[in-house]
Amino acid sequence: MAWLRVVDALKAPVGSSVTVKGWLRTRRDSKAEGGLSFLSVHDGTCFDAIQAVAKADLPNYAGEVAKLTTHCSVEVDGTIVQNPKGGNEIQATAVRVMGVVDDPDHYPIQPKPHSFEYLREHQHLRVRTNTFGAVARMRHCLSMAVHRFFHERGFYYVHTPIITGSDCEGAGQMFRVSTLDMVNCPRVRPEGAKPDAPVPPGAPVDFGQDFFGKETHLTVSGQLNVETYCCALSRVYTFGPTFRAENSNTSRHLAEFWMIEPEIAFANLHDDSVLAEEFIKYLIRTSLAERADDMKFFDERIEKGLLQRLTHVLETPFVRVSYTEAIRVLEKAIAGGRKFEYPVKWGTDLQSEHERFLTEEHYKGPVILMNYPKQIKAFYMRCNDPGTDGFGGSAPGDTVAAMDVLVPGVGEIIGGSQREERLDRLDARITEMGLPIKEYWWYRDLRRYGTVPHAGFGLGFERAMMFITGMQNVRDVIPFPRVPKLAEF
RNA sequence: UCCCCGAUAGCUCAAUGGUAGAGCGAGCGGCUGUUAACCGCUAGGUUCAAGGUUCGAGUCCUUGUCGGGGAGCCA
């Protein structure tokens, strides 16, 4: 009697003897044929459960089988037969109960719809539901697709560090990594103070005594590190956890999330945008091909029309417009009577409502906004010729070769840029932004020793998950979300 | 962090300032090759916490905690 996964048992030939092991979704009873129970058994290997039919002549029927409740664990032996309404089911010859559910009335997951808010409080159990099982399989599917996409195109996977000593990434608040005693942390002795004099409590913390001999944090981006590998291996990417200590309370932000950051040498912003578009389309294609069962569920129960939306994205070339042009579009919309809460002005960052308007209402599909004003973008982004919009037109100010990919429903899913490869321009930007240039010594070395044009982007993995599954809260597409005031599991 | 909304049975929600209810789920029984099953009965409550107003607070006020939506920060 072969132990089959449910996904295989559902495809096994009629007449085969099988064993399945899993958890009960539901039990339904009938008094027909002297009494029988229908056990819906799933093991997470696919969306569907398999139905096992247990008759009353099983020795443990009245004592165990007829008392099974949702998520009891069982081993079922039996024969594959055809269900009268189609599909495989198991005619059980034995049902072994491995674990019962204690106090079923208070078991958090009941055979009925639960709100996602409620399930978020039971993260250790929610993966047993249809929705979170499907999310988990999608997460695996997309993770593998990420690696396959890059591997097939000659990219090398680089493990950039989680702990970073550079305090200069400028991508937001960071989590401190330290082994110092937080209660009595060592402080720097004021210059000229006697060696045995007590150090004043307000003196700066002496990070020289910390584990790494300097101040360290959890990474907010692997980009600066991965650029070093790009400038030797040509095409590289990272895919790892990323940490932001921002007090963000939204459906799109996590304190710990996974980010994919490819970096390509001998490439400009256009090449970067082509890569981004191919990448997103590859993820969609893979999801539809490999997880049709889960995607059908998302389409029916999570977002009506999801499959149509994704198919449309697959078939439509992404629109590429300059930031300068996007401002003109928004100004025209305002002149036409469209109301926005925030004003639109060249030189300021677009608000969420503006981005949503562009991707959801005006272009009705993914949009790549390119060449932003340099004053609102990071120091490492390549400067365009002064006063140009990067598309051969003029702009009211200076721009840099940055891009944001906006998609309906999620908003910004990718942020990227061509990097400034000219040392003099890079230094000028670091200086004018008041950043500590000494800290960037190794990053600047890349421009001193055989510099090349290169570009890259960052894709928030959870945002890609939301885009592809239709799930509306980022906390529901990662197994154990970390957000302000929540790290229970 | 800011703005708005919310917290009542295991879950989802009702309840003019005056005896706390329903549906689902659970338990028991009936019916049935059932599959969002159906019918009947039963059990199940410190109404988020602490104060306050009132003869009387689930309901009104204050503070806090947690949750949701939106904004900012961004991916």
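Protein chains get the first letters and strands the later ones, always in sequence-line order, with residue 1 at the start of each.
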Gap in Å between the two P atoms, one belonging to B:C5 and one to B:A9, rounded: 23 Å

Distance-only donor-acceptor test, A:Glu117 side-chain atoms vs B:G69 base atoms, 3.5 Å: no

First encountered from the 5' end of RNA chain B, between A:Gly458 and A:Gln82: A:Gln82

Centroid-centroid distance, A:Phe243 to A:Phe257, less than 6.0 Å: no

Atom pair distance, as rounded to whole Å: CD in A:Gln91 and C1' in B:U34: 13 Å

Separation of the P atoms in B:U16 and B:G51, to the nearest angstrom: 27 Å

Nucleic acid footprint by protein, nucleotides 44-50 of chain B - heavy-atom cut-off 4.0 Å, B for base, S for sugar-phosphate alone: -------

Nearest-Å distance once atom C1' is located in both B:A57 and B:U12: 25 Å

Nearest-angstrom distance from the residue atom CH2 of A:Trp258 to P of B:A75: 18 Å

Euclidean distance, atom CD of residue A:Gln351 to atom C1' of B:G70 [Å, nearest integer]: 13 Å

Plane angle bin for A:Tyr323 and A:Trp346 - parallel if under 30°, tilted between 30 and 60°, otherwise perpendicular: perpendicular

Donor-acceptor under 3.5 Å (A:Asp294 side chain, A:Arg291 main chain): no

Base B:C66 to side chain A:Arg120, donor-acceptor N/O within 3.5 Å cut-off: no

Base B:G10 paired with A:Gln110 side chain (donor-acceptor, <3.5 Å): yes

Aromatic centroids of A:Phe149 and A:His147 separated by under 6.0 Å: no

Residue that, paired with A:Glu462, satisfies side chain to side chain contact (heavy atoms under 4.5 Å, CB included) out of A:Asn473, A:Val474, A:Val410: A:Val474

Separation of the C1' atoms in B:U59 and B:U19, to the nearest angstrom: 16 Å

Donor-acceptor under 3.5 Å (A:Asp299 side chain, A:Leu306 main chain): yes

Interatomic distance, A:Met465 CE vs B:A75 P [rounded to whole Å]: 20 Å

Trace of the salt bridge (Lys or Arg N to Asp or Glu O under 4.0 Å) decision for A:Glu215 with A:Arg176: CA-CA 8 Å; A:Glu215 206 174 350; A:Arg176 183 181 299 289; 2.8 Å; yes

Enclosure of A:Gln472 CD (heavy-atom neighbours >12, cutoff 6.0 Å): no

Under-3.5 Å donor-acceptor pair between A:Gln51 side chain and B:U34 base: yes

Stems involving RNA chain B, each a run of at least 3 consecutive Watson-Crick or G-U pairs under 3.5 Å: B:1-7 with B:65-71, B:10-13 with B:21-24, B:26-30 with B:38-42, B:48-52 with B:60-64

Side-chain (A:Thr316) to main-chain (A:His312) donor-acceptor, under 3.5 angstrom: yes

B:G72 and B:G58, which share atom name P, separated by this distance in whole Å: 41 Å

Length of the line joining A:Glu355:CD and B:G72:C1', which is rounded to integer Å: 13 Å

Face-to-face contact A:Phe257 to B:A75 six-ring, under 5.5 Å, under 30°: yes

Euclidean distance, atom CG of residue A:Asp349 to atom C1' of B:A75 [Å, nearest integer]: 14 Å

Would you tabulate the nitrogen or oxygen pairs shorter than 3.5 Å linking the protein to nucleotides 29-31 of chain B?
none

Pair A:Tyr156 + A:Phe150: ring centers closer than 6.0 Å: no

Which residue lies more 5' along RNA chain B, comparing A:Asp103 with A:Arg28 via nearest heavy atoms: A:Asp103

Interatomic distance where CD belongs to A:Glu353 and C1' belongs to B:G70 [whole Å]: 11 Å

A:Glu420 side chain near A:Cys383 side chain, heavy-atom distance below 4.5 Å: yes

Pairwise P distance, B:U8 and B:C48 [rounded to whole Å]: 6 Å

A:Phe155 and A:His151: CA distance, side-chain angles, deciding distance, ring-ring contact (aromatic ring centres under 6.0 Å, His included) verdict: CA-CA 5 Å; A:Phe155 284 66; A:His151 178 69; over 10 Å; no

Separation between the P atoms of B:A20 and B:G45, rounded to whole Å: 14 Å

Pair of N/O donor and acceptor under 3.5 Å linking B:U35 base with A:Asp48 side chain: no

C1'-based separation of B:C66 from B:A50 [nearest Å]: 15 Å

